[in-house]
Amino acid sequence: MDHGTARIWDVESGETVLGPIKTGHKWVYVVAYSPDSTKIATGGLLENGIKIWDATSAELLHAVIHNQSVGSLTWTSDSNKLVSASSDNSIRIFDTATWQELAILEHQDVVYITLSSNNRFLVSGSNDGTALMWNLDTNLPIDPPIQHECEVDCVSISADGKLLVTCCGDTNVYTWYVPTILNETGLEDLLSTSNVSVNISATLPV
């Protein structure tokens, strides 16, 4: 989206049902609905980094300050946390009740993030050609990084958490079997649906 605006569209009629929302971002790079459909998060260039909007009225609810542009956002399935990826090489986790920053993870040149449906592991893709899995029980990276020949532009996890898809700058799309990766590191339990709180103290360079 350009001109710093966001809109909500009716997918059947193609009509705008809310907006344009003047976000204050110079450019809007990402928009993410909360799973409970009550909020919209926008991320972009300048003007605080992230804005949180009421999904019914478009009222600005909160601004989450980032020093650089925000290019990817994902909510936990319960809408209790929001995760961002920023051009300052950071992945940040926020409590959506208080907007307190819970953790900072670091992945050089990170451009995209995706979260498992059970909220227990995250995958980040980077311009450095790596996709990195994160254990959100501990906020530690799951080594080794998944290497690609070119930049990783997009990552996605299947609903059951068993498949990871990465989109690479070499024009190829790759599919990875997550249980194999987790079994090799002794972390197969991350596929379970146990409720686990996100660790609140982590700043982890990669």
Given 3.5 Å as the limit, does a donor-acceptor pair link the side chain of [X] with the main chain of [Y], or not?
{"X": "S72", "Y": "Y112", "value": "no"}
{"X": "T138", "Y": "L140", "value": "yes"}
{"X": "N89", "Y": "D109", "value": "yes"}
{"X": "T96", "Y": "S79", "value": "yes"}
{"X": "H107", "Y": "L105", "value": "no"}
{"X": "S192", "Y": "D189", "value": "yes"}
{"X": "W176", "Y": "V165", "value": "no"}
{"X": "S90", "Y": "E106", "value": "no"}
{"X": "S116", "Y": "G161", "value": "no"}

Could you give the distance from [atom1] ([X]) to [atom2] ([Y]), rounded to the nearest 0.5 Å?
{"X": "T38", "Y": "Y33", "atom1": "OG1", "atom2": "OH", "answer": "9.5 Å"}
{"X": "L82", "Y": "E101", "atom1": "CG", "atom2": "CD", "answer": "11.5 Å"}
{"X": "T166", "Y": "D153", "atom1": "OG1", "atom2": "CG", "answer": "10.0 Å"}
{"X": "L164", "Y": "M133", "atom1": "CG", "atom2": "CE", "answer": "6.5 Å"}
{"X": "D160", "Y": "S117", "atom1": "CG", "atom2": "OG", "answer": "7.5 Å"}
{"X": "T114", "Y": "I157", "atom1": "OG1", "atom2": "CD1", "answer": "4.5 Å"}

Heavy-atom side-chain contact between [X] and [Y] under 4.5 Å:
{"X": "T130", "Y": "Q147", "answer": "yes"}
{"X": "L191", "Y": "P179", "answer": "yes"}
{"X": "F121", "Y": "N135", "answer": "no"}
{"X": "W9", "Y": "V17", "answer": "no"}
{"X": "R7", "Y": "L18", "answer": "no"}
{"X": "K39", "Y": "L61", "answer": "yes"}
{"X": "I113", "Y": "V123", "answer": "no"}

Verdict with supporting geometry, R120 and D137, salt bridge (charged side-chain N to carboxylate O under 4.0 Å, His left out) = CA-CA 6 Å; R120 297 192 64 192; D137 291 2; 2.4 Å; yes
Any link between [X] and [Y] through a network of hydrophobic side chains (Ile, Leu, Val, Met, Phe, Trp, Tyr) touching at under 4.5 Å?
{"X": "I146", "Y": "L115", "answer": "no"}
{"X": "I40", "Y": "V28", "answer": "yes"}
{"X": "I50", "Y": "W53", "answer": "no"}
{"X": "V155", "Y": "L187", "answer": "yes"}
{"X": "V70", "Y": "V64", "answer": "yes"}

request  = Under the side-chain contact (heavy atoms from CB on, under 4.5 Å) rule, what do T185 and D143 come out as? Steps first, then yes or no, please.
outcome  = CA-CA 8 Å; T185 56; D143 289 325; over 6 Å; no
ask   = Under the side chain to side chain contact (heavy atoms under 4.5 Å, CB included) test, which residues partner N67, sequence neighbours left out?
value =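 Testing N67 for side chain to side chain contact (heavy atoms under 4.5 Å, CB included), a comparison that skips the adjacent residues, returns none.
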task = Output yes when K81 and D95 qualify as a salt bridge under the 4.0 Å nitrogen-oxygen rule, no when they do not.
result =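 Salt bridge absent between K81 and D95.
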E149 CD: over 12 foreign heavy atoms closer than 6.0 Å = no
Just by distance, no angles: are the side chains of [X] and [Y] close enough, under 3.5 Å, to form a donor-acceptor pair?
{"X": "N119", "Y": "S77", "value": "yes"}
{"X": "T42", "Y": "T23", "value": "no"}
{"X": "T5", "Y": "H25", "value": "no"}
{"X": "H66", "Y": "S84", "value": "yes"}

Using every non-hydrogen atom in the two residues, find where [X] and [Y] come nearest and quote the distance to one decimal.
{"X": "V152", "Y": "G129", "value": "CG2-C, 3.9 Å"}
{"X": "I52", "Y": "A41", "value": "CD1-CB, 3.7 Å"}
{"X": "C168", "Y": "C150", "value": "SG-O, 3.4 Å"}
{"X": "S69", "Y": "Y29", "value": "CB-CE1, 3.7 Å"}
{"X": "D54", "Y": "S57", "value": "OD1-N, 2.8 Å"}

message = Taking side chain to side chain contact (heavy atoms under 4.5 Å, CB included) as the criterion, tell me which of T76, I91, I93 meets it with L122.
response = I91
message = Parallel, tilted or perpendicular, judged at 30° and 60°: which one describes the rings of W99 and F94?
response = tilted
task = Please step through side-chain contact (heavy atoms from CB on, under 4.5 Å) for the pair W134 and I142, ending with a clear verdict.
result = CA-CA 5 Å; W134 296 88; I142 300 172; 5.9 Å; no
ask   = Which is it for V178 and L163 under the side-chain contact (heavy atoms from CB on, under 4.5 Å) test, yes or no, and what are the steps along the way?
value = CA-CA 5 Å; V178 173; L163 294 176; 5.7 Å; no
task = For the pair I8 and T16, evaluate side-chain contact (heavy atoms from CB on, under 4.5 Å) and give the outcome as yes or no after the intermediate values.
result = CA-CA 6 Å; I8 298 177; T16 300; over 6 Å; no
